[in-house]
Amino acid sequence: MADGIAIERASQRHLDAIEEIEQESFPEPWRREFFRSEIAAEGRFNLIARRGRTVVGFMFSMWIFDELHVNKIAVTALARRQGIADSLMDRCFEFARQRDVRSIFLEVRESNHGARAFYLRLGFTSSYIRPRYYPDGEAAVVMMLTLPAAGEPPG
């Protein structure tokens, strides 16, 4: 885990910080109301990363049966490249293993080479391209990670 970082479930009290990080991180940010509904919804696993009392990152995901979909992950600009996204994803993987999730999916902008490299390093593979996925017309790369079944060796 990144030094001095605590990971916990996202709640309504974190919305101001989540919204601020979202606005800074994405060209087409989610609206606050969407985060509010995601925090309250069933089948969600939503986390924040904080240093002291300051929220420095978040991850929003949903799961159903043996699949999990990472909807959003972001770290504030000043805290990037410090292992915070790794810590969020480690907690996501732990959650997935506890629930016998076999597949984790996500979409990433085709032009976001840094994020794509991050996910490749974590073991994700590029599955296919979704043309015109984002509101501005950019394509998304769908990436997937297959987890071993309980009792099955990794790899």
Side-chain angles (χ1 to χ4, degrees), residues 1-64 67-99 101 103-124 126-127 129-145 147:
M1 186 177 301
D3 289 339
I5 297 297
I7 306 291
E8 64 189 61
R9 293 295 285 261
S11 71
Q12 302 295 331
R13 75 179 185 277
H14 301 121
L15 281 172
D16 288 342
I18 290 167
E19 184 177 31
E20 186 176 317
I21 295 167
E22 175 75 0
Q23 295 290 325
E24 148 187 314
S25 301
F26 296 101
E28 302 282 342
W30 281 3
R31 293 188 332 265
R32 181 185 185 97
E33 296 78 27
F34 196 74
F35 285 108
R36 183 188 323 274
S37 68
E38 285 294 296
I39 288 171
E42 292 293 319
R44 302 305 193 265
F45 184 62
N46 305 317
L47 300 171
I48 59 100
R50 63 178 172 75
R51 180 175 283 127
R53 293 182 168 191
T54 303
V55 175
V56 293
F58 64 81
M59 187 219 53
F60 276 67
S61 66
M62 61 182 288
W63 89 96
I64 184 166
E67 293 184 7
L68 185 137
H69 190 275
V70 176
N71 294 319
K72 284 276 184 174
I73 184 169
V75 174
T76 188
L78 293 175
R80 290 183 188 145
R81 310 250 186 276
Q82 297 175 26
I84 296 166
D86 285 291
S87 295
L88 288 163
M89 290 303 293
D90 286 346
R91 186 65 64 85
C92 178
F93 295 152
E94 179 184 316
F95 175 86
R97 283 189 296 273
Q98 291 170 351
R99 283 155 185 81
V101 167
S103 302
I104 301 177
F105 296 90
L106 56 87
E107 292 89 13
V108 61
R109 283 180 175 269
E110 194 170 30
S111 65
N112 193 340
H113 300 289
R116 290 171 61 189
F118 169 71
Y119 294 122
L120 287 170
R121 182 175 57 78
L122 294 177
F124 284 81
S126 297
S127 296
I129 303 290
R130 282 198 172 128
R132 300 172 305 283
Y133 180 76
Y134 293 99
D136 63 4
E138 185 172 354
V141 178
V142 177
M143 301 185 79
M144 184 182 128
L145 175 69
L147 299 174

Check: Side chains of S111 and R109: is there a donor and an acceptor less than 3.5 Å apart?
Finding: no
Checklist entry - Is a side-chain N or O of N46 found less than 3.5 angstrom from the main chain of R9, in a donor-acceptor match? => result no
ask   = So, do Y119 and V141 sit near enough that their side-chain heavy atoms are less than 4.5 Å apart?
value = no
Self-check item: E138 side chain near E28 side chain, heavy-atom distance below 4.5 Å
Solution: no
Would you say the side chain of T76 lies within less than 4.5 Å of the side chain of E20, judging by non-hydrogen atoms? no
- Query: Donor-acceptor pair, R51 side chain versus G4 backbone, under 3.5 Å?
  - Reply: no
Practice problem: Measure from the side-chain N and O atoms of R44 to the backbone N and O of E42, and report whether any donor-acceptor pair falls under 3.5 Å. | Solution: yes
Please check if the side chain of Q12 supplies one atom and the backbone of R36 the other of a donor-acceptor pair under 3.5 Å. yes
Between the CG atom in L145 and the OG atom in S103, the distance rounded to the nearest 0.5 Å is 8.0 Å
Review point. How about H14 and F58: do any of their side-chain heavy atoms sit closer than 4.5 Å?
Key: no
_Flag side-chain contact, heavy atom, 4.5 Å: M143 against L120_ = yes
Report task. Give the ring-plane orientation class for W30 versus F60, where under 30° counts as parallel, over 60° as perpendicular and anything between as tilted. Result -> perpendicular
- prompt: Do R99 and F45 touch side chain to side chain, with heavy atoms closer than 4.5 Å?
  reply: no
In this structure, CD of E22 is separated from CD of E19 (nearest 0.5 Å) by 9.0 Å
- Task: Report yes or no: is the cationic atom of K72 (NZ for Lys, CZ for Arg) under 6.0 Å from the centre of the six-membered ring of F26, at an angle within 45° of the ring normal?
- Result: yes
**Neighbour count above 12 (heavy atom, 6.0 Å) for E24 CD** = yes
